[in-house]
Novice: 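Below are the structure tokens for one structure; questions will follow.
Just so it is clear, the model here is predicted, and its values are computed rather than measured.
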Amino acid sequence: MWAFIYQPLLYCYIALGALMPAKHKTLAFHPIHVSTTNIEYNKQDNKLEVICTIFTDDFEAALAKQFRTKTDLTRADMHKAMDELIKKYIAANLQIKTDGAPANLTYLGFEINKEATDVYFESAKIAAVKKVGVNVSLLHNQFDDQINIVHIIVGGVRKSEKLDYPNKKVEQVF
């Protein structure tokens, strides 16, 4: 009995879906604005390894807004230009201190990972780390509901913190 009711309803959903216009890629919407910053101290190399992961569409919009230029992180012919924008943007919106001293980060590059962009950095050699301070304001220029999640790993111990806009500072002691 129920099959007779559900089957026509299923066909209606299929027909409506076929008649509805397809959504354009630029109209894609996700209801959460979040980035993650992973900071890991590599004891073997005595360096911090940093990976920032940001939704690509949000990141492109933030870069375009800050630098007033066209952005497209997926186009190979724009990769070099995007490298420069990303390097400047992250330097302005991510500062890391180890034991009170600024960690000088070297930009290594970025890559697209499905809907997100991973941005890679490493620090110069630093002594063993006991305290890490992070000031992160990624996408604060774009969204007032931005969430930045910071994971810090030292000596195999992971400490994480969720920063809701406008909060941007975290400090962890190991």
Side-chain angles (χ1 to χ4, degrees), residues 28-67 71-74 79-174:
F29 173 75
H30 50 89
I32 188 165
H33 302 110
V34 65
S35 79
T36 60
T37 301
N38 294 297
I39 304 165
E40 184 167 1
Y41 179 67
N42 183 330
K43 188 175 179 179
Q44 187 175 4
D45 295 336
N46 294 329
K47 294 181 178 186
L48 290 178
E49 298 170 346
V50 180
I51 303 172
C52 297
T53 303
I54 307 165
F55 281 116
T56 301
D57 59 335
D58 295 342
F59 197 23
E60 286 176 339
L63 291 170
K65 183 176 184 178
Q66 180 149 335
F67 299 108
T71 59
D72 191 337
L73 299 172
T74 62
H79 196 92
K80 188 173 183 175
M82 295 298 100
D83 272 331
E84 290 304 313
L85 296 181
I86 290 170
K87 187 186 327 184
K88 289 177 188 174
Y89 183 85
I90 300 290
N93 293 285
L94 176 67
Q95 294 82 39
I96 301 171
K97 289 185 177 184
T98 57
D99 300 320
N104 296 321
L105 299 178
T106 301
Y107 174 73
L108 301 176
F110 77 93
E111 67 182 354
I112 303 298
N113 182 4
K114 297 182 183 174
E115 295 89 21
T117 300
D118 292 329
V119 184
Y120 303 96
F121 293 89
E122 71 177 5
S123 72
K125 289 191 178 210
I126 55 177
V129 175
K130 296 200 185 322
K131 181 167 64 170
V132 178
V134 182
N135 186 343
V136 58
S137 57
L138 298 174
L139 301 184
H140 280 197
N141 69 330
Q142 191 66 24
F143 304 109
D144 62 2
D145 63 347
Q146 177 65 26
I147 299 167
N148 290 311
I149 299 171
V150 179
H151 305 291
I152 305 170
I153 304 166
V154 175
V157 176
R158 175 179 162 161
K159 296 185 179 185
S160 300
E161 183 112 10
K162 175 181 163 248
L163 299 170
D164 294 312
Y165 178 91
N167 298 327
K168 57 185 179 180
K169 293 185 180 186
V170 61
E171 187 171 275
Q172 297 291 350
V173 179
F174 292 88

Novice: Using a distance-only test with no angle check, is there a side-chain donor-acceptor pair under 3.5 angstrom linking Y107 and D83?
Specialist: yes
Novice: Look up atom CG in N167 and atom CD1 in I147, then write down how far apart they are to the nearest 0.5 Å.
Specialist: 11.5 Å
Novice: Can the ring centres of F55 and H33 be said to be less than 6.0 Å apart?
Specialist: no
Novice: Tell me whether N113 contacts the main-chain N or O of A116 through its side chain, where contact means a donor paired with an acceptor under 3.5 Å.
Specialist: no
Novice: Walk me through it: do Y120 and E49 pass the test side-chain hydrogen bond (donor to acceptor under 3.5 Å, both in side chains)?
Specialist: CA-CA 8 Å; Y120 303 96; E49 298 170 346; over 6 Å; no
Novice: If we check side chain to side chain contact (heavy atoms under 4.5 Å, CB included) with V150, which of these qualifies: I39, T36, V132?
Specialist: I39
Novice: Measure from the side-chain N and O atoms of E115 to the backbone N and O of I112, and report whether any donor-acceptor pair falls under 3.5 Å.
Specialist: no
Novice: How many angstroms lie between CD1 in I152 and CD1 in I96, if you round to the nearest 0.5 Å?
Specialist: 8.0 Å
Novice: Taking all heavy atoms of Q172 and all of S160, pick out the closest pair and write down the distance.
Specialist: NE2-O, 4.3 Å
Novice: Heavy atoms only: give me the nearest A92-S137 pair and the separation to one decimal.
Specialist: O-OG, 4.5 Å
Novice: Using the ring of each side chain (for Trp, its six-membered ring), is H140 parallel, tilted or perpendicular to Y165, with breaks at 30° and 60°?
Specialist: perpendicular
Novice: Looking at K47, is its backbone amide N or carbonyl O close enough to the side chain of D45 to form a donor-acceptor pair, meaning the two atoms are under 3.5 Å apart?
Specialist: no
Novice: Using side chain to side chain donor-acceptor pair (under 3.5 Å) as the criterion, list what pairs up with T117, not counting sequence neighbours.
Specialist: T56
Novice: On the six-membered ring of F174, is K131 placed so that its NZ or CZ lies under 6.0 angstrom from the centre and within 45° of the ring axis?
Specialist: no
Novice: Is the backbone N or O of L139 less than 3.5 Å from a side-chain atom of Y89, with the two atoms forming a donor-acceptor pair by type?
Specialist: yes
Novice: Look up atom CD in E40 and atom CD in E122, then write down how far apart they are to the nearest 0.5 Å.
Specialist: 13.0 Å
Novice: Once you round to the nearest 0.5 Å, how far does CD1 of I86 lie from CD1 of I54?
Specialist: 8.0 Å
Novice: Strictly by modelled atom types, are Q146 and N148 linked by a side-chain donor-acceptor pair under 3.5 Å?
Specialist: yes
Novice: Between D99 (side chain) and K130 (backbone), is there a donor-acceptor pair under 3.5 Å?
Specialist: yes
Novice: Work out which heavy atom in F110 is nearest to a heavy atom in L73; give both atom names and the distance.
Specialist: CE1-O, 3.5 Å
Novice: From the options D72, D58, T71, N141, select the one residue that forms a side chain to side chain contact (heavy atoms under 4.5 Å, CB included) with L63.
Specialist: T71
Novice: State, yes or no, whether a side-chain contact exists between L94 and C52 at a heavy-atom distance under 4.5 Å.
Specialist: yes
Novice: Going by distance alone, is a donor N or O of one side chain under 3.5 Å from an acceptor N or O of the other, for N46 and Y41?
Specialist: yes
